[in-house]
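This report concerns only the one structure given below.
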There are 2 protein chains.
Amino acid sequence: MDKILTTEGVPLYVKIREALRAEILHGNLHPGQKIPSEEELAQQYRVSRMTVRQGILELIKEGLLHRKHGVGTFVSYPHFDRDHTHLTNFFESAREQGIEASSTVLKIEISPAPEKIAQQLLLKPGESVICIRTLRFVNQTPVTVHDSYLPHRLFPEIIHEKLENVHLWDVMEKYGYRVKRAIQKLEARPASSEIAKLLDIKPGAPILYKERKILATDGTVVEFTYCYNRGDMYSLTVAMER
Amino acid sequence: MDKILTTEGVPLYVKIREALRAEILHGNLHPGQKIPSEEELAQQYRVSRMTVRQGILELIKEGLLHRKHGVGTFVSYPHFDRDHTHLTNFFESAREQGIEASSTVLKIEISPAPEKIAQQLLLKPGESVICIRTLRFVNQTPVTVHDSYLPHRLFPEIIHEKLENVHLWDVMEKYGYRVKRAIQKLEARPASSEIAKLLDIKPGAPILYKERKILATDGTVVEFTYCYNRGDMYSLTVAMER
DNA sequence: GACTTCTAGATGTATAGACGTCTATATTTT
DNA sequence: AAAATATAGACGTCTATACATCTAGAAGTC
């Protein structure tokens with residue numbers, strides 16, 4: 001079965017990588033099965049072993065294949081993706097789980113960006129930002145306080161929008177920015193008296209504290225938010241890969 | 001400055017990778033700066049270009065370097081280009097940041113799996129598991145308690161291994177399992193008196209609590225761990241996509 | 001001055017071959 | 001039967017070389 005790969009302009013190792021991926025996806029190679037050795041594939045596709053190797057190594061990095069020195073290369077078992085890698089919208093995921101969710105806006109104002117915010121949003125010092133403090137409820141119980149900062153330049157009219165019970169991200173889409181990626185830093189912190197009062201808990205009670213940077217599809221930083229989540233009513237599940 | 005790397009048993013590309021890492025960490029190469037070309041490094045270290053390339057490519061995968069076709073290879077800016085959103089090995093990432101890390105084993109025993117553990121590890125009820133409690137230190141300060149559960153069947157002799165100051169994942173590799181993926185559930189919780197004593201904090205102080213399931217490259221569940229991290233000394237950064 | 005073209009330097013792709021190291025299995029020895 | 005040993009197969013490391021492609025800046029042209 002000598003295969004000749006004729007498409008031009010595509011590197012050979014990419015063709016081999018994709019050929020292997022197709023074999024796996026179509027079930028010709030199934031999970032746990034050993035694939036042909038580098039040498040065999042090299043002969044089959046009439047390329048050098050190093051070229052085959054480069055293709056295989058990329059599939060290993062992706063997690064589709066794995067190998068063991070001196071033994072061989074094998075197809076990995078697919079992992080059940082229970083939504084973990086994905087960024088979810090508070091209202092959407094609450095609705096999916098049949099939970100009642102709502103939100104109120106406690107404050108909204110325009111002011112010059114504090115230094116840290118300017119740095120995170122890639123703004124010039126003093127450029128103006130919209131600051132929005134919201135309180136979110138699950139089944140009428142307050143669970144989260146958000147202090148969000150958005151570049152005023154990108155969303156000039158947002159203060160006139162209805163923001164109650166609406167997700168900011170949906171509003172952003174009206175301005176042409178679709179949320180794509182979040183980078184979140186997580187810590188456990190004691191509740192300050194201010195936050196404790198809002199969340200109806202004791203000062204010092206554990207808070208899941210998040211600093212969150214949101215990027216749009218084009219890479220623009222559209223939001224920076226401090227999140228204070230009630231420790232006893234909030235958990236976050238994430239998947240990470242090596 | 002022709003460098004001869006004499007240590008035996010270590011691949012050349014690893015030596016070059018570590019030499020470059022050292023240059024960056026010690027500030028001889030600073031963020032944004034262009035590093036010597038592959039050809040120059042090859043001559044400097046007296047190896048072939050492909051060997052240099054392999055070392056560089058690994059640092060790029062780590063996020064320490066980045067490159068542009070036709071231009072050159074550059075040192076990344078920390079906390080900006082550098083990707084700290086991947087699953088990291090405690091000891092490796094501490095070393096990369098120049099932080100002193102250590103760990104001790106408080107308990108190790110073999111017992112039948114509790115129901116929840118069996119479910120998470122995909123074991124039959126009552127199948128035996130290895131339970132390991134470790135305490136991790138950063139600069140001599142205790143920061144994390146781990147209660148890890150591994151299927152006994154997969155790692156029969158692990159209780160005889162040296163586990164102090166060694167990452168479990170490195171030991172697992174001896175048994176042919178390479179860690180690939182983690183699914184982690186995060187919460188903020190108050191410290192129990194037991195955990196508080198171990199971490200040298202007050203009971204009730206905030207803990208970043210994690211339940212962590214670890215999958216190997218072939219998809220096997222190799223570990224389930226409860227992690228108790230000191231809230232004031234531990235943070236986790238994750239990236240999520242829509 | 002503005003535009004186009006050329007070129008040096010850097011990374012990207014690809015080859016062929018050599019030898020090292022690891023693992024499972026078959027073989028031999030005890 | 002059990003243990004030690006040898007071996008074949010597969011991946012891991014490394015070299016030397018060649019040419020392709022990309023980018024920034026230099027050189028030339030209008």
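Each chain gets a letter, A, B and so on, in the order its sequence line appears, and its residues count up from 1.
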Under 3.5 Å, is there a donor-acceptor pair between the A:Ser37 and A:Glu39 side chains?
no
Rounded interatomic separation in angstrom, taking [atom1] from [X] and [atom2] from [N]:
{"X": "B:Leu65", "N": "C:dA10", "atom1": "CG", "atom2": "P", "result": "16 Å"}
{"X": "A:Ile16", "N": "C:dT13", "atom1": "CD1", "atom2": "C1'", "result": "12 Å"}
{"X": "B:Arg178", "N": "D:dC11", "atom1": "CZ", "atom2": "P", "result": "17 Å"}
{"X": "B:Arg46", "N": "D:dC14", "atom1": "CZ", "atom2": "C1'", "result": "17 Å"}
{"X": "B:Gln43", "N": "D:dT17", "atom1": "CD", "atom2": "P", "result": "12 Å"}
{"X": "A:Ile60", "N": "D:dC11", "atom1": "CD1", "atom2": "P", "result": "9 Å"}
{"X": "A:Met50", "N": "D:dG12", "atom1": "CE", "atom2": "P", "result": "11 Å"}
{"X": "B:Arg17", "N": "D:dG12", "atom1": "CZ", "atom2": "P", "result": "15 Å"}

Using a cut-off of less than 4.0 Å, is there contact between a side-chain N or O of [X] and OP1 or OP2 of [N]?
{"X": "B:Thr73", "N": "C:dT11", "result": "yes"}
{"X": "B:Lys68", "N": "D:dA24", "result": "yes"}
{"X": "A:Arg53", "N": "D:dG12", "result": "yes"}
{"X": "A:Gln54", "N": "C:dA14", "result": "no"}

How long is the span from the [atom1] atom in [X] to the [atom2] atom in [Y], to the nearest 0.5 Å?
{"X": "B:Arg212", "Y": "B:His146", "atom1": "CZ", "atom2": "NE2", "answer": "5.0 Å"}
{"X": "B:Lys180", "Y": "B:Thr217", "atom1": "NZ", "atom2": "OG1", "answer": "8.5 Å"}
{"X": "A:Ile117", "Y": "A:Tyr226", "atom1": "CD1", "atom2": "OH", "answer": "4.0 Å"}

Of the candidate nucleotides [options], which contains the atom at the shortest distance from the side chain of [X]?
{"X": "A:Thr51", "options": "C:dA14, D:dT15, C:dA18", "answer": "C:dA14"}
{"X": "B:Ser48", "options": "D:dT15, C:dT13, C:dA24", "answer": "D:dT15"}
{"X": "B:Tyr13", "options": "D:dC14, D:dA10, D:dG12", "answer": "D:dC14"}
{"X": "A:Leu12", "options": "C:dA16, C:dA14, C:dT11", "answer": "C:dA14"}
{"X": "A:Val71", "options": "C:dT23, D:dC11, C:dT11", "answer": "C:dT23"}

5′-ward residue of the pair A:Arg49/B:Gly72 relative to DNA chain C:
B:Gly72
Return the 5'-most residue of the pair B:Glu173, B:Lys34 with respect to DNA chain C, ranking by each residue's nearest nucleotide.
B:Lys34
Under 4.0 Å, counting only non-hydrogen atoms across every strand here, what does A:Glu39 touch: a base, just sugar-phosphate, or nothing?
nothing
Using heavy atoms to find the nearest nucleotide of DNA chain D for B:Val14 and B:Gly70 separately, return the residue whose nucleotide is more 5′.
B:Val14
So does B:Lys116 pair up with B:Glu211, basic N to acidic O under 4.0 Å?
yes
salt_bridge(B:Glu18, B:Arg21) N-O dist < 4.0 Å:
yes
Please state whether the base of D:dT23 and the side chain of B:His69 form at least one donor-acceptor pair under 3.5 Å?
no
I'd like to know if A:Arg67 reaches the base of D:dG12 with its side chain, counting only an N/O donor and acceptor under 3.5 Å.
no
